[in-house]
Amino acid sequence: MTNTTVGPAPDYRELNRLMSLMTGDEKHGPAATSTLDALWVLYDRVLRVTPGTVDDQGRDRFLLSKGHGPMAYYAVLAAHGFFDEALLPGFGSYDSPLGHHPDRSLVPGAEIGSGSLGHGLPLAVGSVLGLRAQGLTDPRVWVLIGDAELDEGSNHEAIAYAGPAGLEQLHTLVIDNASATYGRPGGIASRFESAGWSVETVDGRDHGALYAAFTAPHPGRPRAVVATVAPK
């Protein structure tokens, strides 16, 4: 598969068209769409990674943990030239590299093979520790998780560890589309705050608010951004 494509500058207005190219019974459209704006802001204005730097040690890492998010993820990657949009209509088919869960060996730009809920945040913690062990303190690690995914205990172990460990390179984006089975006293943000994280809750459709939250300084602490998205 070709890692880069040559074309016009990425355009947010193209995302609906790119999303429409992907069809099938298991595309999880509403769940994926809830991540679309946050993913766009990350890739367009925040993440220091491009199709030409996917193998650079100094790149930022983005990990998709939310199991029902690949459709939007693939649209954003295609819009930014990580692979050709001609691959999108094959989404989820037998011989397509674009599976219902990303495969890092098949999808340019994908950092992990994901799909099993609750794995992404622990993997992000491990990624930061691995970077530190190599003396790489500049690359940032981002992980996107869903609100219902926080029902998985592995996430809470990672949250409890990362705060006291002061993993400043770690950033967690929680998409809160009100799909969680169980509520949390004080809301999602309080869980991170209680473990010593820097936390902010924003409108998950507001690009300006997302960018400000993504880039706010948080010295000595991991960062969590809770993006609330009302169901459509």
Side-chain angles (χ1 to χ4, degrees), residues 1-116 119-120 123-124 127 139-146 171 173 175 204-205 207 210-211 214 227 229:
M1 182 190 304
T2 301
N3 283 353
T4 60
T5 59
V6 178
D11 187 341
Y12 174 77
R13 293 170 296 182
E14 280 288 285
L15 290 183
N16 283 337
R17 182 185 66 81
L18 294 172
M19 292 271 283
S20 72
L21 296 176
M22 291 174 276
T23 59
D25 294 333
E26 298 182 25
K27 64 182 182 179
H28 302 294
T33 302
S34 68
T35 72
L36 197 59
D37 293 272
L39 279 171
W40 177 262
V41 174
L42 274 177
Y43 272 90
D44 200 53
R45 302 172 62 184
V46 178
L47 290 174
R48 297 172 297 185
V49 62
T50 67
T53 62
V54 291
D55 295 319
D56 288 0
Q57 284 290 85
R59 74 188 184 281
D60 287 345
R61 277 79 167 163
F62 174 80
L63 283 58
L64 178 70
S65 187
K66 180 177 169 61
H68 292 168
M71 187 180 174
Y73 183 44
Y74 294 152
V76 171
L77 287 177
H80 285 83
F82 285 86
F83 56 80
D84 196 292
E85 68 174 69
L87 292 173
L88 295 176
F91 168 63
S93 62
Y94 176 76
D95 58 352
S96 172
L98 306 182
H100 290 125
H101 299 295
D103 183 331
R104 68 177 300 274
S105 67
L106 298 176
V107 182
E111 295 283 352
I112 60 171
S114 59
S116 297
H119 287 188
L123 285 170
S127 296
R140 299 165 299 189
V141 177
W142 283 86
V143 57
L144 187 154
I145 65 177
H171 303 74
L173 168 61
I175 300 297
R205 301 293 188 194
H207 290 198
L210 286 165
Y211 177 75
F214 290 162
V229 181

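Starting from 1, each residue takes its place in the sequence as its number.
Put simply, the side chain of W40 does not reach to within 4.5 Å of the side chain of R45, judged on heavy atoms. Residues L77 and V107 have side chains in contact (heavy-atom distance under 4.5 Å, counting atoms from C-beta outward). Within the 4.5 Å cutoff, side-chain heavy atoms of R205 are placed close to those of V229. Side-chain contact between F83 and L88 is present, with at least one heavy-atom pair separated by less than 4.5 Å. With a 4.5 Å cut-off on side-chain heavy atoms, L36 and M19 count as touching. Put simply, the side chain of H100 does not reach to within 4.5 Å of the side chain of M71, judged on heavy atoms.
Classified by interplanar angle (parallel below 30°, tilted 30° to 60°, perpendicular above 60°), the ring pair Y74/F91 is perpendicular.
Minimum interatomic distance between A124 and V141 (heavy atoms only, all atoms of both residues): CB-CG1, 3.8 Å. Residues L15 and A79 approach most closely at CD2-CB, 4.1 Å, considering heavy atoms. Among all heavy-atom pairs drawn from D44 and P10, the shortest one is OD1-CB, 4.1 Å. Nearest heavy-atom pair, P139 versus R48, reported as atom, atom and distance to 0.1 Å: CA-NH2, 4.1 Å.
Annotation: the span from L42 atom CG to H80 atom NE2 amounts to 10.0 Å, rounded to 0.5 Å. Within the model, atoms CG of L98 and CG of D103 stand 10.5 Å from one another, a figure rounded to the nearest 0.5 Å.
Side-chain atoms of T53 come within 3.5 Å of backbone N or O of T50 as a donor-acceptor pair. At distances below 3.5 Å, not a single donor-acceptor pair connects side-chain atoms of S65 with backbone N or O atoms of I145. In terms of modelled atom types and a separation under 3.5 Å, the side chain of R59 and the main chain of D56 share a donor-acceptor contact. Although no hydrogens or angles enter the test, the distance criterion places no donor-acceptor pair under 3.5 Å between the side chain of R140 and the main chain of D60. Put simply, the side chain of R104 never gets that close to the backbone of P102: no donor and acceptor are under 3.5 Å apart.
With sequence neighbours left out, the ring-ring contact (aromatic ring centres under 6.0 Å, His included) criterion links Y73 to F62.
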